[in-house]
Amino acid sequence: MILASAAQAQGQITLQQAQAECQSIAQQQSGYNLSAAPTKTEPQAGGRARGATAGAMAGAAKGKSKANQYGNVPDEMAEEYTKNQMQDAAKVGVVAGAAKQRQQRRQGTTNQQSSEAAANTYNQAYVSCMTAKGFPGQ
């Protein structure tokens, strides 16, 4: 009974050693680090809204700056000018925000595909190594 437990413990150590070696080999062959595997992230929504907000703020600053340059402009006209600048800049911001969001979404897809390919290569190398060491299905 003691002999069986010792043999079982020895088998466990050998399995753990084989796993560690095969993980190292698979990482070297694939460049994929299992412990630092990236998590799947979705691109942030609301690119158009963020762009419109940023554009409106920039337009407001520009409008107020221009209106302040001319001290004899009535307040209503200065406010109207500032409002128009905000609206125009917000429209541009919507387009820029949407473009940035699309770019982030495309980049995320490319990164995910690259990561999946490296993970597949890692898994194949690991399974091959374990099988070669006499531990099929581990």
Side-chain angles (χ1 to χ4, degrees):
M1 192 102 171
I2 293 175
L3 207 45
S5 295
Q8 219 173 14
Q10 182 64 30
Q12 191 67 12
I13 291 171
T14 304
L15 174 61
Q16 290 174 350
Q17 288 173 340
Q19 288 172 332
E21 288 174 17
C22 289
Q23 286 172 351
S24 176
I25 290 169
Q27 184 175 345
Q28 289 172 359
Q29 288 181 356
S30 67
Y32 182 79
N33 186 349
L34 187 61
S35 61
T39 58
K40 184 177 178 181
T41 57
E42 293 295 321
Q44 205 173 25
R48 287 179 179 87
R50 283 191 306 278
T53 301
M57 290 184 340
K62 179 182 176 188
K64 287 194 184 289
S65 173
K66 283 284 190 183
N68 288 339
Q69 285 181 351
Y70 305 102
N72 59 353
V73 175
D75 287 344
E76 308 84 48
M77 289 184 74
E79 287 178 24
E80 185 67 27
Y81 179 77
T82 300
K83 180 181 171 186
N84 289 338
Q85 290 297 310
M86 287 175 62
Q87 289 174 343
D88 291 344
K91 291 173 187 174
V92 172
V94 166
V95 173
K100 184 176 180 180
Q101 187 173 352
R102 282 191 301 273
Q103 179 193 19
Q104 289 172 339
R105 192 171 287 135
R106 283 191 299 269
Q107 185 64 38
T109 300
T110 301
N111 289 345
Q112 183 180 354
Q113 289 170 346
S114 175
S115 178
E116 287 173 1
N120 288 339
T121 302
Y122 175 93
N123 289 334
Q124 290 172 352
Y126 178 78
V127 168
S128 295
C129 177
M130 289 299 286
T131 301
K133 289 187 178 291
F135 297 100
Q138 292 293 323

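Index from 1, following the sequence. These numbers come from the heavy atoms of this one structure, side chains and all, not from hydrogens, waters or symmetry mates. What you see is a predicted model, and the numbers here were worked out from it, not measured in a lab.
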query: Would you say Gln19 and Tyr126 make side-chain contact, with heavy atoms under 4.5 Å?
result: yes
- prompt: Got a donor-acceptor contact below 3.5 angstrom from the Thr53 side chain to the Ala49 backbone?
  reply: yes
task: Evaluate the side-chain proximity of Phe135 to Thr14: yes if any heavy-atom separation is below 4.5 Å, no if none is.
output: yes
- prompt: Atom OG of Ser24 and atom CD of Gln29: how far apart are they, to the nearest 0.5 Å?
  reply: 10.0 Å
task: Over all heavy atoms of both residues, which pair between Thr82 and Ala60 is shortest? Give the atoms and the distance, please.
output: CG2-O, 3.8 Å
field: Nearest-0.5 Å distance, CD of residue Gln87 to CD of residue Gln85
entry: 10.0 Å
Inter-residue atom distance Asn84.CG - Met86.CE, 0.5 Å rounding: 10.5 Å
- prompt: Below 4.5 Å, heavy atoms only, C-beta onward: do Met130 and Leu15 meet side chain to side chain?
  reply: yes
task: Quick one: closest heavy-atom pair of Ser30 and Thr121, and the distance?
output: CB-CG2, 3.7 Å
